[in-house]
Engineer: 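Dropping a structure here in structure tokens format, bear with me for questions.
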Protein chains: 2
Amino acid sequence: MGPDDLSSEDFERLARIAHRYYVDGRTQEEIAREFGQSRPKVQRLLERARWAGVVDIRVASPPGLNLELETRLRDEFGLADAIVAPRRDDPQSQREAVARSAAQFLERRLRDGSVVAVGHGRDTAEVPRFFRPRRRVDALFVSAMGGSPRVDTPTNPNEICRSLADACGGRSQSLYAPAYVESVEVRDRLLEQDAVAHTLDAAARADMALVGIGGVNDDCTMARSGCLLPAEIERLRRQGAVGDVVGNYVDVDGRLIASPHQERLVALSIESLHAVPLVVAVASEAEKPLAILGVLRAGVIDVLVVDEGNANAVLDRAGSDGAPAPTAAGRGPMARRR
Amino acid sequence: MGPDDLSSEDFERLARIAHRYYVDGRTQEEIAREFGQSRPKVQRLLERARWAGVVDIRVASPPGLNLELETRLRDEFGLADAIVAPRRDDPQSQREAVARSAAQFLERRLRDGSVVAVGHGRDTAEVPRFFRPRRRVDALFVSAMGGSPRVDTPTNPNEICRSLADACGGRSQSLYAPAYVESVEVRDRLLEQDAVAHTLDAAARADMALVGIGGVNDDCTMARSGCLLPAEIERLRRQGAVGDVVGNYVDVDGRLIASPHQERLVALSIESLHAVPLVVAVASEAEKPLAILGVLRAGVIDVLVVDEGNANAVLDRAGSDGAPAPTAAGRGPMARRR
DNA sequence: GGCCCGGGTGATCAATTGATCAGCCGCGAG
DNA sequence: CTCGCGGCTGATCAATTGATCACCCGGGCC
């Protein structure tokens with residue numbers, strides 16, 4: 001695979017042509033004329049030169065940037081984008097680093113008129129602090145999930161929406177409902193309310209979503225905020241749940257856990273989330289790789305913003321079980337996919 | 001000029017975009033969409049990334065290949081091509097290495113119907129030994145210069161033509177005249193001869209020329225072959241001559257030495273040589289840098305095949321005196337000239 | 001010998017890229 | 001405040017590049 005299993009004659013020719021192309025900047029046509037070959041042939045030779053490693057294209061990585069890891073994540077899970085935040089020592093700094101990356105991503109993507117559905121969670125809640133667009137953006141942030149019983153928890157979607165809107169001069173739209181209600185009946189009643197229905201509808205039509213990925217251990221956000229009882233979490237675990245997006249729990253293979261609690265959820269459904277063109281998920285904490293893996297496999301995420309540790313852990317996990325996963329190796333630099 | 005005088009923010013963005021383009025193989029348009037920029041802007045950013053060294057494209061050089069040196073020669077002297085043969089220890093091996101390179105170049109360029117004007121010299125004479133085209137090529141090799149008094153010297157153009165023709169199954173056309181005759185009158189008489197005129201005419205119309213670069217020291221080919229007397233060489237030196245192509249002597253600035261001997265020369269004139277579309281010059285020995293420099297500056301050479309030592313020496317010489325010479329530095333990888 | 005297959009070839013077309021240019025913005029001078 | 005200038009921006013077009021495809025050639029097989 002290296003340049004070594006070429007005859008030295010071939011090697012010289014490839015090197016010569018590649019040098020002419022990449023260093024001297026000649027066109028393939030000029031080179032073809034020079035070497036008495038057809039242009040397509042020169043193209044093939046250049047391709048071969050890249051493949052054989054005669055040409056080496058490398059991109060400098062600023063310290064703390066994990067571009068390679070990002071590429072692997074994108075390839076492995078078919079993501080539109082993946083952003084790996086620089087490694088930090090303590091969990092809070094790590095969370096902030098991830099949030100900063102997510103905020104910068106948002107800044108790049110937001111346009112006047114953008115509608116963003118927003119989830120909950122500690123990671124997501126940090127995003128507004130780092131969200132500082134250059135100039136005013138008239139975007140609308142819509143709560144995609146009900147809140148916790150402890151009303152003004154800063155990890156509530158409503159709060160996050162408000163902070164985001166404040167930061168960019170846009171507007172926010174709250175969902176006046178708890179995340180989980182007592183029964184299906186109550187939920188259906190709630191969904192009939194104009195205010196609730198209207199907001200969920202707006203969220204479903206969003207251009208973009210910003211969501212957290214929740215875990216299932218005893219101090220996950222759902223538990224801490226009092227949305228779900230420890231017993232309910234326990235039950236979810238027993239059903240194979242590994243994590244959630246906006247309240248929708250999935251198992252490690254990305255299958256939705258159909259369970260009583262699911263019917264009591266007031267939030268964007270997995271299907272509705274799927275319909276949002278650009279779903280950005282934020283995940284940081286240490287115990288999350290399984291949750292992240294499950295949610296990724298559910299196929300609703302377009303962009304993952306994550307810390308380095310989780311990124312590696314998720315890739316390890318994905319590689320060991322499940323599908324063999326088409327690795328990106330062998331695809332040389334500049335090879336187009338298609 | 002390095003990646004260091006960019007703000008780390010810019011650096012990150014450039015690295016991110018460059019990575020996406022060069023490693024992941026996305027198109028500029030996809031990247032533009034991703035980063036919310038116009039496509040031309042992405043193009044400019046990529047350009048900047050290359051310029052700043054964020055992207056590093058390097059081409060592996062097989063040992064003994066001096067692609068960098070070749071590029072400098074091309075740039076410095078406006079050559080269509082330059083080939084630097086691998087370094088060899090003893091002069092004869094060195095000469096052979098150069099000849100081999102020249103022969104390979106010929107093989108690449110020769111077509112059925114090609115007409116090649118051929119000069120003389122020890123370097124040129126080695127070329128046929130390495131000239132082994134894959135298959136028969138119906139080319140015509142025409143002597144571009146008269147021979148030496150010692151008739152069958154293998155360094156005579158006629159001999160070289162014959163060997164080349166033999167090697168590829170082509171034809172050769174001899175020039176039946178000495179390189180230098182006694183007087184202008186004799187030369188003019190000779191040029192009236194059909195055989196002579198016809199050959200010189202054919203040489204002038206050649207598609208390609210293969211010539212040596214001669215020096216002016218006492219054992220240069222012209223002297224050894226008896227074409228010129230030591231006294232004549234001495235006189236040329238005094239007139240500033242540093243070397244010759246097919247008998248036309250030039251000074252270090254590339255100016256033709258107008259001298260009595262010039263009128264007694266039976267060979268392609270500098271002007272006729274100039275008219276040949278592709279003039280390939282071969283030069284190897286150790287004392288030749290000045291000769292090569294002078295001939296290059298005469299502007300008749302399109303392709304130079306040379307050993308590493310002479311290549312370096314010529315570039316040193318050219319850099320120190322004469323024009324400041326536009327260096328290729330600063331031109332990053334993949335920058336198109338134009 | 002005739003036939004078929006795989007790999008390589010160059011003609012051709014579509015996609016991507018590079019270059020140009022008019023317009024716009026911000027800034028400093030007048 | 002107005003003007004003019006330099007630099008940046010994205011629309012647009014031309015050049016280059018990548019992909020496809022029909023074809024050909026050589027080698028094994030029948």
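Below, read A as the first sequence line, B as the second, and so on, with proteins coming before strands; counting in each chain starts at 1. Every heavy atom of this structure was used, including side-chain atoms; hydrogens, water molecules and symmetry mates were not.
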Engineer: The side chain of B/Y21 lies closest to which of these nucleotides: D/dT17, C/dG10, C/dT17?
Structural biologist: C/dT17
Engineer: What's the CG-C1' distance between B/L45 and C/dG18, to the nearest Å?
Structural biologist: 15 Å
Engineer: To the nearest angstrom, how far is A/Q28 atom CD from C/dA15 atom C1'?
Structural biologist: 14 Å
Engineer: Whole angstrom is fine here: how far is it from CD in B/E29 over to P in C/dT17?
Structural biologist: 8 Å
Engineer: Tell me: CZ of A/R48 to C1' of D/dG18, nearest whole Å?
Structural biologist: 18 Å
Engineer: Taking everything shown except A/R109 itself, do over 12 heavy atoms lie less than 6.0 Å from its CZ?
Structural biologist: yes
Engineer: Send over the distance from A/E47 CD to C/dG10 P, rounded to a whole Å.
Structural biologist: 16 Å
Engineer: Is it true that B/R20 and B/E30 have a side-chain N and a carboxylate O under 4.0 angstrom from each other?
Structural biologist: no
Engineer: Any side-chain heavy atom of A/L46 sitting closer than 4.5 Å to one from A/Y22?
Structural biologist: yes
Engineer: What nucleotide, of C/dT16, D/dG10, C/dG10, holds the atom closest to the side chain of B/R44?
Structural biologist: D/dG10
Engineer: Which of these nucleotides, D/dT16, D/dG10, C/dG10, is closest to any side-chain atom of A/P40?
Structural biologist: C/dG10
Engineer: How long is the line joining CG of A/L46 and C1' of D/dT16, in whole Å?
Structural biologist: 13 Å
Engineer: Using the side-chain heavy atoms of B/R39, tell me which of these nucleotides is nearest: C/dT12, C/dG10, C/dT17.
Structural biologist: C/dT17
Engineer: Is B/K41 close enough to D/dG10 that one of its side-chain N or O atoms is under 4.0 Å from OP1 or OP2 there?
Structural biologist: no
Engineer: So, do B/F35 and B/R16 sit near enough that their side-chain heavy atoms are less than 4.5 Å apart?
Structural biologist: yes
Engineer: Report the distance from atom CD1 of B/I31 to atom C1' of C/dT17, rounded to the nearest whole Å.
Structural biologist: 12 Å
Engineer: Identify whether any heavy atom of B/Q43 sits under 4.0 Å from a base atom; if not, whether one sits that close to sugar-phosphate; answer base, sugar-phosphate or nothing.
Structural biologist: base
Engineer: Quick one: is A/Q37 getting a side-chain N or O under 4.0 Å of the C/dT9 phosphate, OP1 or OP2?
Structural biologist: no
